[in-house]
Amino acid sequence: MKLASSTTASMTWERLLSRRRYPEQPQLHVVSDAAPVRGAFVADYDRVVFSSAFRRLQRKTQVMPLPETDFVHTRLTHSLETACVGRSLGRMSGRLLMEQDDELAQQLPYFDADCGDIVAAACLAHDIGNPPFGHSGEDAISSYFRSPAAEPFVRVLSPAQRADLQNFEGNAAGFRVLTHTYAAHSTGSAGLGLTYAVLGAFTKYPRPSVVEDHDKTGGASEKKYGHFQTEAERFRHVAHDLGLLPKSDESGFYHRHPLAFLVEAADDLCYRIIDFEDGLKLGLIPHQEGLELLRDMLADAPARPRSVEWRDWREELGYVRARLIGKLVAEAAQLFAQHAPAMLRGEYDSSLIKELGCWHELQQVALLSVERLYRSRPVLQIEAAGFEVLGGLLDAFLHSIFDPAASPRSRKLLDLIPPQFRAVGPQLGLSAYEQIILLTDYVGSLTDQNALSIYRTIKGIDLPKGF
């Protein structure tokens, strides 16, 4: 496949900040001298907040599955914090670019605010497609579809369709949540109806699950994929509207929206530092060791006066964490402003945090988190159980969908699946792949506790407690 040239074209901020709403609403222009009271990108943030998919993140794993303490982060609190960091990153980066480019500042007078609002909304939604049990849930779904048990269901699929399932990706599921409306719900087709700009910034991996090896460059945007085959044309439509540069001809493989680099940076900073903070508070990482590492990253001048003496290490931890994130946000914004021209030309594809001055220390933080937190016994036990739960649900429900007459049990299981997630009524005539995607939508949408409860019920381990 021929590589598309990125040296003869450039993305433009005017198109990249498109206020058009997916799929086909007209472009909205700011015509007054005053900033709008509630802009399109702020409305996008609100739409995500009020969505049921976002609300379910409250009971989905961030670090500790099924947490019993109230200070450990869930996907919801992680998403809120990432959105706060993303807003600061976007506004600082936008302001720096406006100071460097008078023409940009004149053409887009609210550029800094718009960048902040776009990045905040995209950050808020960045985990909205994640299944139960965190990243282990993605592995569990992938593992099931690679197993002999799933072979009867996947053998009829195309290689690209199989890759969607056998390398299941929460980012692609998230793009589907944001842009898909179930036929059983309405005749609409816009999902949450977000702007193209936010959808572009949300898509950190603007590629399908299968890409020719000779089209890859090893960049940060290629590590995963960003949409299923069901949304391939939908993403092309978004990419075309935004003017994203293609990486290769006719492959659906694009260069990132520049603001996606800020979404990635906000997520990277939050999960590395705040997951680490959770590990200290849980006692899985010695707090003396952890605090010392964070203090080293903050690198305060020796003569900096201390206004308070800390009597509780947890309070000092929160203070150091807050100042450290503020320092790294400012540094990342400078890096973004430095690389933005290359991003617009499709000539930059690296993670911004790898260029931070404390990258080595961030790697130490990540290593400690892996060794002491992510591989702690409670986490491993519950994640292992997640493989059984998600694989068991997929297997049971797939049999009920594709062979409902095989047994009374299959017919009863089919009735347990909400109608929007199975080929009934207006969804009759769907392909096998589309039916399987619907089922993975259902299983992926469950909270940790709900998935466990349904599994225990259909296995006869527990019975419903009442209505």
Side-chain angles (χ1 to χ4, degrees), residues 53 56-57 59-62 65-66 75 126-178 180 182 204-205 208-210 223-231 374 379-402 413 416-418 420-422 430-456 458-459:
R56 286 193 293 269
L57 296 180
R59 295 174 71 85
K60 288 193 177 186
T61 296
Q62 171 60 19
L66 306 173
R75 285 283 169 185
H126 82 280
D127 275 346
I128 205 166
N130 277 35
F133 304 106
H135 290 297
S136 177
E138 293 174 295
D139 294 338
I141 294 173
S142 302
S143 179
Y144 170 75
F145 282 111
R146 294 191 197 114
S147 71
E151 178 58 25
F153 308 115
V154 301
R155 66 162 64 112
V156 299
L157 307 182
S158 71
Q161 291 170 345
R162 286 198 300 273
D164 284 354
L165 300 168
Q166 293 176 344
N167 301 285
F168 183 83
E169 180 52 55
N171 288 282
F175 186 81
R176 180 168 166 83
V177 168
L178 299 181
H180 180 73
Y182 294 103
K204 294 187 290 185
Y205 308 105
S209 58
V210 174
K223 293 186 298 183
K224 302 178 182 180
Y225 67 95
H227 59 79
F228 298 132
Q229 291 299 305
T230 45
E231 282 70 55
Y374 304 138
V379 170
L380 292 177
Q381 286 176 326
I382 296 176
E383 288 185 345
F387 273 76
E388 295 298 319
V389 169
L390 298 186
L393 290 176
L394 287 168
D395 194 61
F397 287 130
L398 280 169
H399 278 92
S400 72
I401 289 171
F402 288 101
L413 286 173
L416 289 176
I417 304 173
Q420 69 267 29
F421 299 114
R422 48 194 168 99
L430 295 181
S431 68
Y433 169 69
E434 290 170 322
Q435 292 182 64
I436 295 173
I437 285 290
L438 281 178
L439 182 60
T440 60
D441 286 349
Y442 173 51
V443 173
S445 73
L446 299 173
T447 65
D448 296 10
Q449 290 88 343
N450 199 10
L452 180 59
S453 176
I454 294 172
Y455 176 79
R456 291 172 67 88
I458 68 173
K459 293 296 184 180

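This one's a predicted model, so the numbers in the text were calculated from it and none came from an experiment.
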When you measure from the side chain of [X] to the backbone of [Y], do you find a donor-acceptor pair of N or O atoms at a distance under 3.5 Å?
{"X": "Tyr225", "Y": "Asp164", "value": "yes"}
{"X": "Asp448", "Y": "Phe133", "value": "yes"}
{"X": "Glu231", "Y": "Arg176", "value": "no"}
{"X": "Ser453", "Y": "Asn450", "value": "no"}
{"X": "Arg75", "Y": "Asn130", "value": "no"}
{"X": "Ser142", "Y": "Glu138", "value": "yes"}

Do [X] and [Y] touch side chain to side chain, with heavy atoms closer than 4.5 Å?
{"X": "Pro152", "Y": "Phe402", "answer": "no"}
{"X": "Thr447", "Y": "Leu452", "answer": "no"}
{"X": "Ile417", "Y": "Ile401", "answer": "yes"}
{"X": "Phe397", "Y": "Arg422", "answer": "no"}

* To do: Check the pair Thr230 / Tyr433 against side chain to side chain contact (heavy atoms under 4.5 Å, CB included), numbers first and verdict last.
  => CA-CA 9 Å; Thr230 45; Tyr433 169 69; 3.5 Å; yes

Go through the structure and list residues passing ring pair (Phe, Tyr, Trp, His ring centres under 6.0 Å) with [X], not counting sequence neighbours.
{"X": "Phe145", "value": "none"}
{"X": "Phe387", "value": "none"}
{"X": "Tyr144", "value": "none"}
{"X": "Tyr205", "value": "none"}

* Looking at Val389, Val443, Leu416, Leu393, which hits side chain to side chain contact (heavy atoms under 4.5 Å, CB included) with Ile454? -> Leu393

* Would one find more than 12 heavy atoms of other residues, nucleotides or ligands at under 6.0 Å from atom CD of Gln381? -> yes

* **Flag if over 12 foreign heavy atoms under 6.0 Å of CZ, Arg146** => yes

* Structure fact -> Here the gap from Ser143 atom OG to Leu394 atom CG, rounded to the nearest 0.5 Å, amounts to 10.5 Å

* **Contacts of Ala385 that satisfy side-chain contact (heavy atoms from CB on, under 4.5 Å) - sequence neighbours left out** => none

* Ser445: side-chain contact (heavy atoms from CB on, under 4.5 Å) partners, not counting sequence neighbours -> Arg56, Phe421, Tyr442

* To do: Grab the two heavy atoms, one from Ala163 and one from Ser209, that are nearest each other, plus how far apart they are.
  => CB-OG, 3.5 Å

* Would you please say whether a donor-acceptor pair under 3.5 Å links the side chains of Asp441 and Tyr182? => yes

